[in-house]
Amino acid sequence: MSAAPTSCDQAVLEEGARQGTEIAAQEDFMTVSIEAAAGSVEALRSAMRAAETAANDVHTKDQGRRRVGMMFVSHGGSVLAITASVPPDRRAEAPAREWVRAVLEA
């Protein structure tokens with residue numbers, strides 16, 4: 001049995017779900033900051049899972065919409081956390097590793 005989410009965990013999940021819903025309304029690749037994750041890779045991954053769930057809900061309602069690639073970044077102190085998700089049908093267009101590299105080099 002897992003522990004109940006802390007208020008920080010809940011904030012990360014809420015921010016991730018909100019971003020997922022907003023990003024799903026787009027038809028492109030989006031990079032956004034998730035402040036509630038405070039540089040934690042695990043928190044950022046949780047936000048991404050919440051965003052993917054929210055985006056899937058949007059796509060279920062509007063099946064003609066293209067799935068989007070999402071990249072989340074978060075900083076905390078001297079740490080920068082990054083996670084990216086690219087739908088399988090768009091990986092040839094923008095593989096996640098290359099997308100992350102391009103953002104870091106920009």
Side-chain angles (χ1 to χ4, degrees):
M1 179 181 262
S2 64
T6 65
S7 61
C8 180
D9 294 338
Q10 191 61 39
V12 167
L13 295 176
E14 289 172 4
E15 190 172 357
R18 182 178 51 77
Q19 290 290 353
T21 300
E22 290 177 15
I23 291 169
Q26 308 299 316
E27 290 200 16
D28 207 349
F29 290 79
M30 301 291 295
T31 302
V32 296
S33 176
I34 303 293
E35 297 300 322
S40 165
V41 173
E42 288 198 28
L44 207 55
R45 286 181 181 151
S46 293
M48 182 63 75
R49 284 190 296 273
E52 288 171 337
T53 298
N56 285 339
D57 290 346
V58 170
H59 290 289
T60 298
K61 293 175 187 169
D62 185 0
Q63 294 183 4
R65 186 171 294 283
R66 286 184 76 186
R67 295 196 180 271
V68 297
M70 295 184 269
M71 183 184 312
F72 286 175
V73 297
S74 180
H75 63 87
S78 62
V79 176
L80 176 65
I82 301 173
T83 188
S85 174
V86 178
D89 63 328
R90 298 195 70 185
R91 289 184 181 150
E93 183 180 348
R97 189 175 304 256
E98 290 178 22
W99 182 24
V100 170
R101 185 176 299 125
V103 167
L104 291 173
E105 291 174 354

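Between the S85 side chain and the M70 main chain, no donor and acceptor come within less than 3.5 Å of each other. Between the side chain of E15 and the main chain of A47, no donor-acceptor pair closer than 3.5 Å is present.
Distance check: I82 CD1 to R101 CZ gives 12.0 Å after rounding to the nearest 0.5 Å. A distance of 10.5 Å separates CD of E98 from CD of E105, quoted to the nearest 0.5 Å. To the nearest 0.5 Å, atoms CD1 (I34) and OG (S46) are separated by 11.5 Å. A distance of 10.5 Å separates CZ in R49 from CG in L44, rounded to the nearest 0.5 Å.
Residues V73 and V103 fall within the same hydrophobic cluster, defined by Ile, Leu, Val, Met, Phe, Trp and Tyr side chains chained together at heavy-atom separations under 4.5 Å.
Residues V86 and P95 form no side-chain contact, since every pair of their non-hydrogen atoms from C-beta on lies 4.5 Å or further apart.
Annotation: R45, atom CZ; neighbour count of heavy atoms from other residues, nucleotides and ligands within 6.0 Å does not exceed 12.
Among all heavy-atom pairs drawn from T83 and M48, the shortest one is O-CE, 3.6 Å. Across all non-hydrogen atoms, the minimal contact from G39 to V79 is O-CG1, 3.4 Å. Here the shortest heavy-atom pairing between A36 and V12 reads O-CG2, 3.4 Å. Across every non-hydrogen atom of A38 and S74, the tightest pair is N-OG, 3.1 Å.
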Quiz item: Given the rule in the side chain to side chain contact (heavy atoms under 4.5 Å, CB included) test, do V32 and F72 qualify, once you have shown the distances and angles that lead to the verdict?
Solution: CA-CA 5 Å; V32 296; F72 286 175; 3.3 Å; yes

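In this structure, the salt bridge (Lys or Arg N to Asp or Glu O under 4.0 Å) partners of E93, at least two apart in sequence or on a different chain, are R66, R90.
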